[in-house]
Every structure is written in C-alpha cells, then in structure tokens.
Amino acid sequence: MPDHIPFPAEFAARYRAAGYWTNETFQEFLPRRADRFADHIAVIGRDATGTERALTYLELTTSAERIAGGFARLGIRTGDRVVVQLPNIVEFMEVVFALFRLGALPVFALPAHRSAEIGFFCEFAETKAYVIADQYGGFDYREIARTLPSTLHVVVAGDAGDFLALSGLRAAGPSDVTHVDAETVAFLQLSGGTTGTPKLIPRTHADYLYSVRESAAICGVSSATRMLVVLPAAHNFPMSSPGFLGVLHAGGTVVLAPDPSPSTAFSMIERHRITMTSLVPPLALTWLAARKNSSADLSSLEVLQVGGAKFTEEAARRVTPELGCTLQQVFGMAEGLVNYTRLDDPEDVIVTTQGCPISPDDEVRVVDDAGCDVRTGEVGHLLTRGPYTIRGYYNAAEHNKTAFTEDGFYRTGDIVRLTEDGYIVVEGRSKDQINRGGEKIAAEKVENHLVAHPNVLDAAIVSIPDAYLGERTCAFVVADGEPPSPIALKSFLRGRGLAGYKVPDLVQVVPEFPVTSVGKISRAELRRALTRSWEKVKS
Ligand code: OOB
C-alpha cells in the first residue's frame with residue numbers, strides 16, 4: 001500500500017529473527033483454526049434479524065469463504081479498502097473474515113459513527129464498499145449509506161432496502177485467493193482522533209498477529225476461554241487485547257453481547273458460563289453498582305479487564321470483592337503498544353498501575369517537554385517504539401512529522417510515570433483530546449461543526465472532570481447576533497451527522513474567549529472558569 005510507512009529494514013529483520021513476526025496472515029488465520037478446532041463453537045451471538053446463532057470454527061470459516069466469493073464478484077480485490085460498520089452481531093465475524101480471506105482491508109468504523117465520519121473514511125481511504133446492519137440501537141444505517149457516492153457498493157446485513165443484501169452475497173460460493181505477504185497492511189484501525197482529522201492506522205498481519213498471540217498468552221486464554229464481547233468489536237481493545245482474535249487464536253468461544261447493560265451481560269455470563277470480558281471504566285462502574293441488586297450467577301467469571309481510560313484505584317479495589325474475579329488493567333492504543341497488569345501480580349500492582357508492555361522489545365521512554373529522559377518515577381510524556389507499534393499514520397505525511405520522533409518513536413500524548421518494576425501509571429494526557437468514558441473526542445473537529453452554525457462566531461470545547469465518565473464536554477460559544485439555545489445547537493450538530501457522544505454535554509455562551517500570549521484560545525483558562533462556575537453551582 002503506497003501510503004503506508006513500513007518498519008525500517010533492520011528493525012523488521014530483528015523482529016523476524018526474534019520470532020515475533022511470522023509468515024502467518026489473517027488470510028489463513030481462521031482456516032487454520034478450523035483445521036484444529038473444527039467442531040468447537042467459535043462464536044455465539046445474534047444475527048441482524050435478532051436470532052441467536054452459534055457457529056463452529058468450520059461453519060464460520062465456510063460462511064466467510066462464501067461471503068468472500070460474493071465480495072469478489074462485486075469486484076473487491078486484494079488490497080481494496082472496505083468500511084465495516086457493524087454492531088456485535090455474528091455477521092461482523094463473517095464479514096471481517098471474508099475480507100481477510102480476500103486480502104481486502106477492513107476499515108473498522110464504530111457503530112456510533114455517523115455520516116460525517118463515515119463520509120470521511122470512505123473518501124480518505126478510497127473505499128470500494130460499505131458494510132452495515134440495517135438498524136441497530138434505534139438508528140437506521142441505510143440513512144448514512146444514502147449520503148455516500150452511488151459508486152460505492154453498500155452491503156446490508158438484514159433488510160437491505162435499495163442496497164445489496166449480505167445474504168445475496170453468501171450465495172456466490174467460494175473464491176480463489178491471492179496470497180498476501182505477512183508484512184503488508186491487513187486493515188485500518190481508527191485513531192482516537194487527536195486533531196481535526198481522524199487518523200487511519202495501518203496494521204500489518206505480522207505485527208498485529210504478534211500482539212494477538214502474546215496477549216492471549218499473557219491473559220491466560222485457552223480453548224476453554226469463553227469471552228463476552230461487550231464493547232464494540234471493531235475497537236482495538238475487544239479485538240486484540242486479547243479480544244476476540246486472541247480467543248479464536250486459542251480455539252476458545254466468543255460470545256457477542258447485543259448491548260452493554262449489566263442486566264443483559266449478567267444473564268449472558270450465567271447462561272454461557274463466561275470466563276472473561278473487557279470493559280471501559282464507566283461500564284465497570286455500572287456493573288459494580290448493578291451487582292448489588294443482582295442474584296445472577298457470575299461464578300464462572302475469572303478475569304475482568306478494564307481499560308481505554310484511567311480506572312480509579314478506589315473502583316479497582318472493588319472488583320475482586322464485589323464481582324469475585326481477577327481484575328486486569330489494560331492500557332493500550334490502536335497505534336500499537338498495549339500494557340497489561342499480569343494475572344498473578346500482587347493486588348497493589350493491579351489496582352495502582354496500568355500494567356507493563358507485552359513485548360521485551362517494546363521500547364518505552366518517558367521524557368520532559370524538551371524530549372530528555374526523566375528519572376524513573378518522574379512524570380513525563382510517554383514515547384514508544386516496538387514490534388507492533390506503527391511508524392506512521394496512513395497518508396498523513398505532515399501529521400507524522402510531529403506524531404513520531406525522527407527515530408520512529410510514537411508520541412502517545414499520554415503523561416505517565418514508570419515504577420521501579422517498569423510498570424506504567426497513567427497521570428493524564430498532553431494531547432488536546434477528550435476521553436469521555438473511553439470514547440475519544442477531538443475538540444477541534446466538534447468546534448469546526450459548531451462554527452458552521454450561522455449564529456456562532458467561535459467555539460471551544462473543553463472537558464470537565466466527571467465522576468462517572470471521567471470527562472464530560474462543555475462547548476463555549478461566542479455568538480454572532482442572537483445566541484442560539486443549547487438545545488438548538490445540539491440538534492444542529494446531530495443534524496450534521498455527528499456521533500452522539502461528540503455532541504457537547506454542556507453549552508455556555510460567553511461574550512469572548514480568554515487568550516494565551518500569542519493569541520490562541522486558552523483552553524486552560526476556560527477549564528478553570530468552568531471549574532469555578534461548577535463549584536459555585538455545587539456550593
Ligand atoms: C484504547 O485505544 P484508543 O486508541 O482508543 O485510545 C488510546 C488512548 C491512550 O493513548 C490513552 O490516552 C487512553 O486511550 N487509555 C488509557 C488507558 N487505556 C487507554 N488511559 C488511562 N488508563 C488506561 N488503562 O483505548 C485501547 C486499545 C487497546 C487496549 C486497551 C485500550
């Protein structure tokens with residue numbers, strides 16, 4: 001792929017020699033598991049019609065082969081990009097493995113994305129097709145499809161309307177396969193989005209499969225593992241840390257939760273004898289609260305992973321006594337580096353740190369503002385380089401100059417400190433990104449939408465600390481003429497196709513913004529103003 005920055009040759013040689021990178025690709029990943037685990041159940045979940053299905057490894061492989069044939073007949077070829085926006089339904093697995101089989105590259109959109117984001121992915125990655133479910137969570141995804149260029153193939157799981165039915169593709173029979181090299185790009189993940197434009201993250205077969213295999217080992221995944229996938233399966237955490245890929249790697253069973261509510265999840269844990277699952281901190285708090293009034297049998301649950309945003313020590317301490325399982329903290333990023341507390345770590349390490357890296361060759365540096373290494377235990381910016389961390393975003397030469405150091409370290413934007421044992425404690429974030437319960441919001445992007453309103457002169461989004469979500473968003477707005485009401489502004493943003501979680505929680509109209517010495521909007525000052533007015537409200 002022309003826009004992909006490969007690992008330098010000497011690093012690639014080292015990672016190969018160390019056995020991290022192998023020849024295995026996602027093309028043969030599933031067929032190989034089907035050879036070994038043919039009749040084991042690979043996946044249990046609802047399909048687009050709401051019917052629960054259970055597929056063995058052989059059935060999932062066969063189904064993916066047939067869909068691959070359908071995609072091939074549509075003209076999807078090795079190396080083509082396809083935006084996949086599916087909820088946690090069995091078709092997600094079938095479609096993703098079908099695309100892998102062809103050597104086509106899924107672009108992993110999340111169910112919460114709307115037309116603004118999807119339109120961008122389709123254009124930027126020059127995608128050939130867009131795969132959706134007809135409806136999910138009260139939203140009709142065909143509405144997004146109608147806003148896209150008519151040259152794009154739209155494939156729908158469920159009621160296709162005017163578009164192509166996934167069930168029609170299935171009928172097409174198996175395809176011939178063009179073999180791909182393990183060191184080429186397998187798919188594009190989305191970055192949390194730290195600047196105006198979301199970034200696409202090219203991951204190779206070799207680097208990603210290394211992280212999957214090691215994650216499975218670190219997290220104790222085996223053919224007896226029964227994982228409940230609660231978070232959207234397209235996200236890096238439930239996909240590969242160890243995620244559904246780690247479970248399929250080991251021959252275990254993946255169970256897809258139709259929604260993340262504790263009532264749904266608890267009854268599924270009981271019914272399917274779930275052994276592990278992964279959550280973001282706000283959901284973990286909801287589960288802890290719901291456990292008090294639930295008599296569900298959660299005794300099968302061995303490991304609860306929490307990650308995606310900082311999990312407070314107080315909450316972390318409650319997990320084992322209240323849910324009866326081991327807590328594993330996971331600090332990762334779609335760009336690569338993933339850290340885990342180990343299952344046999346002492347309790348204090350598990351509740352006070354965000355773990356240590358997967359690989360002995362993960363290079364972790366903590367530096368000050370000038371880029372000099374700080375002493376162990378001191379707080380600084382986290383930089384990282386290693387066998388499964390990208391060297392550049394897809395087609396983003398300008399941004400890559402600042403997102404990576406000259407010698408290829410990724411600037412994570414996280415403020416951390418290291419313990420004597422090499423464990424990472426996350427202290428905050430330097431990048432101007434808001435983390436609303438694990439969902440990342442780029443302030444600038446939302447601001448751009450706000451200023452599109454005829455009565456908005458300027459806008460700035462800042463976060464306010466929140467006990468439940470970690471952070472909430474507040475939009476400060478300077479009006480042009482008659483100030484729009486908060487309700488009107490929020491519905492304006494939704495009308496522009498912005499994902500719901502990006503719509504600001506609060507809107508405040510102000511006469512003007514505080515500015516820094518060079519005249520930029522001072523977000524720090526806005527945040528302070530917000531904290532002051534918030535404290536007034538509380539007192
Ligand atoms: C995961 O991936 P992304 O790409 O959505 O977000 C990465 C960012 C990190 O740079 C950090 O700011 C934050 O999310 N983060 C955490 C954290 N885990 C992620 N901050 C504090 N504590 C944690 N445990 O979020 C992700 C990818 C793979 C595994 C787990 C999470």
Side-chain angles (χ1 to χ4, degrees), residues 30 33-34 37-67 70 84-98 110-111 131-141 155-160 165-171 221 223-235 238-239 243-248 250-279 283 287 290 294-302:
L30 192 62
R33 300 308 179 282
F37 305 109
D39 298 328
H40 287 217
I41 300 291
V43 58
I44 300 173
R46 295 197 189 160
D47 64 14
T49 68
T51 310
E52 189 168 283
R53 289 168 55 197
L55 271 69
T56 65
Y57 276 80
L58 193 57
E59 287 166 341
L60 178 58
T61 307
T62 308
S63 176
E65 287 274 310
R66 295 178 67 196
I67 295 173
V84 177
Q85 187 183 30
L86 290 170
N88 292 357
I89 54 178
V90 289
E91 289 91 335
F92 178 96
M93 301 288 164
E94 295 173 320
V95 165
V96 167
F97 282 105
L110 297 172
V131 188
I132 50 175
D134 50 4
Q135 301 200 31
Y136 174 72
F139 181 74
D140 187 337
Y141 288 85
V155 177
V156 184
D159 176 4
L166 182 64
S167 53
L169 256 62
R170 261 181 226 285
V221 173
S223 60
T225 298
R226 301 173 68 80
M227 174 184 280
L228 187 68
V229 182
V230 173
L231 300 172
H235 188 270
M239 182 177 290
F244 70 82
L245 289 174
V247 174
L248 295 178
T253 300
V254 174
V255 182
L256 302 170
D259 72 77
S261 70
S263 55
T264 302
F266 288 176
S267 73
M268 290 186 85
I269 292 172
E270 177 172 314
R271 189 154 64 93
H272 296 288
R273 306 300 296 156
I274 295 298
T275 60
M276 89 185 279
T277 188
S278 46
L279 300 176
L283 265 180
W287 282 32
S294 156
S295 57
D297 176 7
L298 306 185
S299 59
S300 58
L301 194 63
E302 293 163 9

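The analysis underlying the following values was restricted to heavy atoms, covering all of them including side chains, and did not include hydrogens, waters or symmetry mates.
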Looking at [X] and [Y], what are the two nearest heavy atoms and their distance?
X	Y	value
I132	L86	C-CD2, 3.2 Å
P111	P87	CG-CA, 4.0 Å
E59	L55	OE1-CA, 3.4 Å
A42	L248	O-CD2, 3.8 Å
Y57	G252	OH-O, 2.6 Å

When you measure from the side chain of [X] to the backbone N and O of [Y], does any donor-acceptor pair fall under 3.5 Å?
X	Y	answer
E270	D297	yes
N88	D259	no
E91	A48	yes
T275	R226	yes
T225	M227	no

Separation between CZ (R273) and CG (L298), nearest 0.5 Å, reads 9.5 Å
So that I can tick it off, tell me whether E52 and R271 are bridged by a salt bridge, with the cut-off set at under 4.0 angstrom between side-chain N and carboxylate O. yes
Testing V230, I89, T264 one by one against P258 for a side chain to side chain contact (heavy atoms under 4.5 Å, CB included), which residue passes? T264
Residue pair T61 / F97, side-chain heavy-atom distance below 4.5 Å: no
Is any side-chain heavy atom of H272 closer than 4.5 Å to a side-chain heavy atom of L228? no
